[in-house]
Visitor: 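Just passing along the structure, written as structure tokens.
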2 protein chains.
Amino acid sequence: MNIGEIELSDRKKIILKAVVDAHINIGEPVGSKYLAEITRLSCSSATIRNEMAELEELGYLEQPHTSAGRIPSDLGYRFYVDSLLQNYNLTEQEIDKINLLLRAKLSELDKILQLATKLASLLTNYTGIAVKPKAAIVSISRFEVLYLDRRSFVLVMLTTTGIVRTKTFRLGFDIQQEEAALLSTVLNDCIANLPPDRITLPLIVEMEHRLGHNRRLVDPVIKCIYESLSDLDEGELRVEGFNRLLQYPEYSDINRLRDLFDLLEQKEDIFNIISGAKRDNVNVCIGSESDVDIMSNSTLVFKMVKNKERVVGAIGVLGPSRMDYSRVITMIDQLATGICDILSSEDVLMSGQ
Amino acid sequence: MNIGEIELSDRKKIILKAVVDAHINIGEPVGSKYLAEITRLSCSSATIRNEMAELEELGYLEQPHTSAGRIPSDLGYRFYVDSLLQNYNLTEQEIDKINLLLRAKLSELDKILQLATKLASLLTNYTGIAVKPKAAIVSISRFEVLYLDRRSFVLVMLTTTGIVRTKTFRLGFDIQQEEAALLSTVLNDCIANLPPDRITLPLIVEMEHRLGHNRRLVDPVIKCIYESLSDLDEGELRVEGFNRLLQYPEYSDINRLRDLFDLLEQKEDIFNIISGAKRDNVNVCIGSESDVDIMSNSTLVFKMVKNKERVVGAIGVLGPSRMDYSRVITMIDQLATGICDILSSEDVLMSGQ
DNA sequence: ATTAGCACTCGAGATGCTCAAGTGCTAACT
DNA sequence: AGTTAGCACTTGAGCATCTCGAGTGCTAAT
């Protein structure tokens with residue numbers, strides 16, 4: 001990203017990696033003496049001091065104050081994630097837990113994401129998040145009216161995206177089974193497959209005309225359709241295990257905690273970060289790499305969830321920048337691909353037996 | 001509750017009320033001198049000191065340490081809520097905000113509760129909560145199969161409680177419209193109105209028999225029915241505005257905060273408190289009045305939401321025991337009765353126009 | 001019964017001290 | 001030229017100490 005970034009000597013890389021690793025484990029600034037002990041570089045603390053000073057100049061390390069050790073900067077974490085990361089091997093237990101989810105083969109995307117979010121939080125010990133994006137323009141492809149009794153019916157709406165919505169109507173007057181059927185026919189004739197902005201007054205008038213004395217049904221039904229459609233294209237952000245963050249010293253400051261909480265409750269920023277993701281693989285947004293300044297000191301790791309090339313959501317983890325990256329990245333990767341597999345295998349759901 | 005509780009002198013009541021009021025506003029222990037100034041009792045701080053000492057002996061007040069003022073004990077708050085509370089008059093704005101909700105006339109209980117929870121939190125500046133109780137034993141009163149195309153259909157399930165569930169099935173083999181219709185008939189014949197524990201193997205075998213070569217549909221459909229039913233009788237706890245609590249000094253301790261968060265995430269305890277409520281009106285559970293010890297220093301104010309005598313949920317607020325009771329109680333009352341009104345007026349929903 | 005007065009208690013906050021960790025720099029060494 | 005030992009320096013954490021103010025309880029006078 002910078003001119004100074006031409007190449008890092010092998011020793012610098014080893015030291016940088018050691019600093020990040022140590023800081024991830026210990027949570028405190030790491031000093032030269034400690035490094036000299038744990039690294040296999042046979043050189044003295046003084047040498048390491050020199051190297052660290054240079055790494056700081058290059059922007060990879062920071063010093064909280066003069067007499068403390070060094071901690072990685074965002075750039076340092078970035079380099080670590082991009083170049084220094086070792087593969088993490090999931091333990092049997094971890095694989096088991098993920099498989100448990102996969103085997104459950106839950107029915108709806110919602111449910112899967114919910115469980116996956118919990119799992120993400122549980123396995124990584126950070127906060128799990130899941131996102132369902134705003135739907136593209138949705139319309140209702142088919143209406144169905146189920147006649148319950150002379151004073152109530154259920155309106156079933158099948159959307160173009162495959163989601164089904166229902167609404168029960170209770171009436172202050174009587175209605176016949178044939179009239180309910182007529183309502184369904186008229187709805188299908190007039191406004192099936194129309195996006196909300198093309199449901200115009202003339203259409204509504206026509207519907208009222210065709211429904212005769214049941215014209216009074218039109219208004220509430222249309223209102224309900226609008227509601228359902230606008231519901232559907234709202235994005236959704238699910239958060240699980242926020243309290244896990246409370247155990248990390250970086251969030252022992254109430255204000256930071258509060259900011260982060262606001263970030264999650266307000267949703268917009270997270271949506272932006274996730275929808276701005278470039279990579280098809282696991283994305284890592286470290287600290288202030290996003291424009292969201294509240295994110296400083298925090299990192300978001302996530303991966304898109306796709307169903308046959310269509311992005312249907314994302315799943316990830318939010319935690320301190322001092323995060324066990326290799327573990328978390330592997331975990332999210334596994335989880336996301338697992339979900340994708342379930343989704344794309346849905347076709348075969350019943351062909352097996 | 002105790003022998004000493006025969007009766008409090010008027011002056012004691014005034015002092016107790018003044019202590020609670022002051023502590024609610026200031027958030028700190030209140031001393032005798034301060035009280036002597038603000039109360040209209042023309043008596044000196046020494047007298048007040050004597051009275052306070054007695055109130056402490058009776059259990060209504062507490063002293064954090066010798067040289068601090070007094071704070072109300074749980075019992076003190078309880079007496080305040082039961083006997084000393086003045087009516088709070090909602091401001092125009094507050095009434096407007098509530099009316100806005102009422103006018104929205106949202107379609108589903110879920111949506112109403114969601115909005116109401118947000119509103120509760122917003123208006124009171126504490127954490128809003130809503131509860132949907134575990135449903136009584138639910139069964140599915142009617143099945144409907146909507147044929148989509150030769151490889152998919154939607155199963156619509158109407159439950160005895162009026163809730164509708166749907167599930168889309170995608171098949172690995174072809175199916176005819178008549179076969180789908182048959183599935184619906186068979187389901188209605190065999191297992192409609194049966195609680196889950198009475199769906200027995202013989203019934204399933206019978207269904208498979210009647211469905212002929214589509215017998216392979218039975219297994220996934222039954223599985224889906226089980227899932228839907230067990231989903232439905234899960235209680236639900238909705239929480240909004242937890243971060244508002246972060247502004248109160250009683251929650252500046254990370255551990256307390258964390259305990260409270262766990263309480264909300266784990267749900268069971270809250271369910272118990274709410275389902276153990278005696279009063280039909282607004283309930284106030286102060287601090288350790290419940291058996292849940294995490295609740296010490298916190299108070300839950302809530303009211304049941306009913307639809308024609310059937311309890312369909314509850315809405316309330318969680319905050320520090322030092323809570324603006326008169327305001328909060330009025331607020332929750334207004335909100336809950338408002339929701340009840342919407343629910344019971346649903347009948348007339350369409351008879352108007 | 002009330003109240004003025006006073007001795008007493010206790011925590012919050014300020015101050016100053018030591019200590020350990022860690023640095024940067026210089027000079028010596030390979 | 002790169003490495004290292006050594007040393008002076010910096011700084012925050014932790015701790016003891018002190019003061020100050022708020023508030024109490026008690027006693028004696030009203």
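Protein chains get the first letters and strands the later ones, always in sequence-line order, with residue 1 at the start of each.
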Visitor: Verify the contact: side-chain N or O of B:R49 to OP1 or OP2 of D:dC26, cut-off strictly under 4.0 Å; return yes or no.
Guide: no

Visitor: Mind calculating the distance between CG (A:L35) and P (C:dG22) to the nearest angstrom?
Guide: 10 Å

Visitor: Within this structure, what is the CG-to-C1' distance between B:N50 and D:dA28, rounded to whole angstrom?
Guide: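 That distance rounds to 14 Å.
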
Visitor: Rounded to whole Å, please give me the gap between CE in A:M52 and P in C:dG24.
Guide: 8 Å

Visitor: Using the side chain to side chain contact (heavy atoms under 4.5 Å, CB included) rule, pick out the option among A:T299, A:V301, A:L260 that qualifies with A:L318.
Guide: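 Exactly one candidate clears the test, A:L260.
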
Visitor: Just N and O in the side chain of B:S44: are any of them under 4.0 Å from OP1 or OP2 of C:dT2?
Guide: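 So the side chain of B:S44 is outside the cut-off, no N or O lying under 4.0 Å from OP1 or OP2 of C:dT2.
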
Visitor: Counting heavy atoms from C-beta on, name the nucleotide in D:dG6, D:dT24, C:dC10 closest to the side chain of B:S32.
Guide: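 Side chain of B:S32 sits closest to D:dT24.
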
Visitor: Output the single nucleotide from C:dT2, D:dT3, D:dT4 whose closest atom is nearest the side chain of B:T47.
Guide: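 The nucleotide sitting nearest to the side chain is C:dT2.
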
Visitor: Using whole Å, report how far NE2 of B:H65 lies from P of C:dC8.
Guide: 19 Å

Visitor: When the distance from NZ of A:K12 to P of D:dG2 is rounded to whole Å, what number comes out?
Guide: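 Checked: the NZ to P distance equals 10 Å.
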
Visitor: Angle between ring planes, B:F261 versus B:F242, binned at 30° and 60°: parallel, tilted or perpendicular?
Guide: perpendicular

Visitor: With a cut-off of less than 4.0 Å, is there a side-chain N or O of A:T66 near OP1 or OP2 of D:dT10?
Guide: no

Visitor: Using a 6.0 Å cut-off, check whether atom NZ of A:K33 has over 12 heavy atoms from anything other than its own residue.
Guide: no

Visitor: Testing the 3.5 Å rule here: is there a donor-acceptor pair between the side chains of B:Y251 and B:N297?
Guide: no

Visitor: In whole angstroms, how far is the C1' atom of D:dG2 from the CD1 atom of A:I48?
Guide: 15 Å

Visitor: Grab the CD-C1' distance between B:Q63 and C:dG11 for me, whole Å please.
Guide: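 The answer, rounded to whole Å, is 13 Å.
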
Visitor: Return the value, rounded to whole Å, for the distance between atom CD of A:E28 and atom C1' of C:dA21.
Guide: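 Computing the A:E28:CD to C:dA21:C1' distance gives 11 Å.
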
Visitor: Taking A:S121 for the side chain and A:Y126 for the main chain, is one N or O donor matched with an acceptor at less than 3.5 Å?
Guide: yes

Visitor: Between B:A46 and B:S67, who's closer to the 5' end of DNA chain C by nearest nucleotide?
Guide: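 Upstream on the strand: B:A46.
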
Visitor: Please determine whether a side-chain nitrogen or oxygen atom of B:R70 lies at a distance below 4.0 Å from atom OP1 or OP2 of D:dA22.
Guide: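 So the side-chain polar atoms of B:R70 never come under 4.0 Å of the phosphate oxygens OP1 or OP2 of D:dA22.
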
